[in-house]
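Here is how names work: the chains are called A, B, and so on, in the same order as the sequence lines, proteins then strands, and each is numbered from 1.
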There are 2 protein chains.
Amino acid sequence: MATSLAEENYLKIIYRLCEGTKEDISTNSIAELTNNKAASVTDMLQKLAEKGWVTYQKYQGVRLTKIGESIALSIIRKHRLWEVFLVEKLGYNWDEVHEIAEQLEHIESETLINKLDSFLDFPKIDPHGDPIPSQEGEIPELGYLHLSEVKLNETCTLMGVAKDSAVFLQLLTKLNLSLGARLEVLEFNTFDRSVSLKIAEEKPIFISHEVAKNILVKV
Amino acid sequence: MATSLAEENYLKIIYRLCEGTKEDISTNSIAELTNNKAASVTDMLQKLAEKGWVTYQKYQGVRLTKIGESIALSIIRKHRLWEVFLVEKLGYNWDEVHEIAEQLEHIESETLINKLDSFLDFPKIDPHGDPIPSQEGEIPELGYLHLSEVKLNETCTLMGVAKDSAVFLQLLTKLNLSLGARLEVLEFNTFDRSVSLKIAEEKPIFISHEVAKNILVKV
DNA sequence: ATTAATTTTTAGTCTAGACTAAAAATTAAT
DNA sequence: ATTAATTTTTAGTCTAGACTAAAAATTAAT
């Protein structure tokens, strides 16, 4: 069954909210991310349930069905592959590609996305370190930790980010934090939860808890 | 002012119909190409006139304004650049790219299309031999002739096609007619207006007038 | 020059997907 | 256990962009 642009955006956002929790997703949380009012969300949830893409019980929240999830994953796959294209082939920076990929992810063609995948040499992660789902909807488990969770004095590598808003990514760039950077946590400062950090052999810097929380690393 | 997908499609089709004639364009001809009913077209023409993209007089037909034309040209530019990308980089055949480019042409981003242009090495023509408008809306005059118009026994080169429906392009491929082929017209057959034709040094073939009319050549 | 045929427009509907305001259900607070 | 606060849904609107049927204008045919 064909999906409209609006439906695809809802499925994508419901997927994002389902990740992490086993709980059903609230109408309000969806409204916030789609920038719609709760009443509009209720409307759409009824349509999506009708089509069999979500399970939805009045007042009880919503979850993706298997089919709904596979649609969401194929959109995410397209989004991330296009981001790789924009950065690797067209020379964009990692903080510039999100909005364009939001449009490109809705281009409808199975062959296109598989040819693109091959043209890009079957990348496993996008420019923010997020895994790219396979054609079958398999999403590689990367086992990354948040920088706010690693042990003191352990050296780790910056593998990705948990948020890809432009302002966050631009801040990381200013701090000289990019994918692949070697990091060592020197101290968790109790006063403001900030983190003292060494990048490679440079002199230490301070980053906020908010930043550390959104940096993904491999030890 | 932002353009919706529907508006862009109308402008593109009005542009195509304006090419060639100095006459104003009829509601019905637009309805045919957009696959809408005449009443819907009238509606949209009034909106486009309101926005200053066409001049429109009730019952008298429609033409693009300077601004309307520049919007149309930018869509055509995007369409053709994406077609080059699909053929050159992703390995599509020339008869497979039209529908995908119809979607990609609506992606909104000035920087994207200029980076793509540069990535493709500033191509001047698309995979069907159609010229690619510049960022400023300049469209190179190529001075091609229809194969149905060339002189007998004159050798010419296949430079493009005047129609890019998949069935037509597939037929050309079957006939071994591709961009760059060296052609010599041996005879115009009066009976059915078919054309006897030599491709390079191969033995002659017959093609219909309908086909010859849609082949563009340089002598 | 009328009449007939054709084309175009108007008037009124419909659907998707948004909205607001009010009602209903759930959850939190005493 | 009620009441208050919060969340969610329902009912009713609105807009873009399509539609049909009927009216109006233009063009073609006698």
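Look at B:Asn28 and you won't find any side-chain N or O under 4.0 angstrom from OP1 or OP2 of C:dT6. Contact between the side-chain N/O atoms of B:Lys58 and the OP1/OP2 oxygens of C:dT10 is found at a separation under 4.0 Å. Side-chain nitrogen and oxygen atoms of A:Ser40 include none within less than 4.0 Å of the OP1 or OP2 phosphate oxygen of C:dG17. Of the side-chain N and O atoms in A:Gln60, none sit less than 4.0 angstrom from OP1 or OP2 of D:dT8. One finds no side-chain N or O of B:Lys37 lying less than 4.0 angstrom from the OP1 or OP2 phosphate oxygen of D:dA18.
Under a cut-off of 6.0 angstrom, the local environment of CD in A:Glu32 is sparse, with at most 12 non-hydrogen atoms contributed by other residues, nucleotides or ligands. Around the CG atom of B:Leu142, the shell of radius 6.0 Å holds more than 12 heavy atoms that belong to other residues, nucleotides or ligands.
Atom CD in A:Glu32 sits roughly 13 Å away from atom C1' in D:dT7 (whole-Å rounding). Rounded to an integer number of Å, the gap from B:Leu5 CG to D:dG17 C1' is 12 Å. Rounding to whole angstrom units, CD of residue B:Glu7 and P of D:dT15 are separated by 16 Å. Separating the CD atom of A:Gln46 from the P atom of C:dG17 is a distance of 14 Å, rounded to the nearest angstrom. The distance from atom CG of A:Asp24 to atom C1' of D:dT8 is 14 Å, rounded to the nearest whole Å. Put simply, CD1 on B:Ile30 is 13 Å from P on D:dA18, counting in whole angstrom units. Atoms CD (A:Glu50) and P (C:dT15) sit 15 Å apart, rounded to a whole Å. Protein atom CE of A:Met44 is 10 Å distant from nucleotide atom P of C:dA16, rounded to whole Å.
Figure legend. C:dA25 is base-paired to D:dT6; pairs are counted as Watson-Crick or G-U wobble with both atom distances under 3.5 Å. Partner assigned to C:dG12 is D:dC19, using Watson-Crick or G-U wobble distances below 3.5 angstrom. Base pairing annotation: D:dT30 forms a Watson-Crick or G-U wobble pair with C:dA1, both donor-acceptor distances under 3.5 Å.
If you check D:dA24, D:dC19, C:dG17 against the side chain of B:Tyr59, the one that comes closest is D:dA24. Candidate nucleotides D:dT26, D:dC19, C:dA18 were compared by shortest atom distance to the side chain of A:Ala6, and C:dA18 ranks first. Of the candidate nucleotides C:dT10, C:dC19, D:dA18, D:dA18 has the atom nearest to the side chain of B:Asn36. Nearest nucleotide to the B:Ser4 side chain, out of D:dG17, C:dT10, D:dT9: D:dG17.
Contact check on B:Arg80 versus B:Glu83 returns no salt bridge, with no Lys/Arg side-chain nitrogen under 4.0 Å from an Asp/Glu carboxylate oxygen.
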Are A:Ser208 and A:Asp192 close enough, and set up right, to give a side chain to side chain donor-acceptor pair (under 3.5 Å), and what steps lead you there? CA-CA 8 Å; A:Ser208 66; A:Asp192 59 357; over 6 Å; no
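Note: B:Phe85 and A:Trp82 have tilted aromatic rings, judged against thresholds of 30 and 60 degrees for the angle between ring planes.
No cation-pi contact links A:Lys47 to A:Tyr10, judged by a cut-off of 6.0 Å to the six-membered ring centre and 45° from its axis.
Closest-nucleotide positions on DNA chain C for B:Tyr56 and A:Ala39 were compared, and the one nearer the 5' end corresponds to B:Tyr56.
Within the 4.0 angstrom heavy-atom criterion, only backbone atoms of the sugar-phosphate kind lie near B:Thr27; the bases stay farther away.
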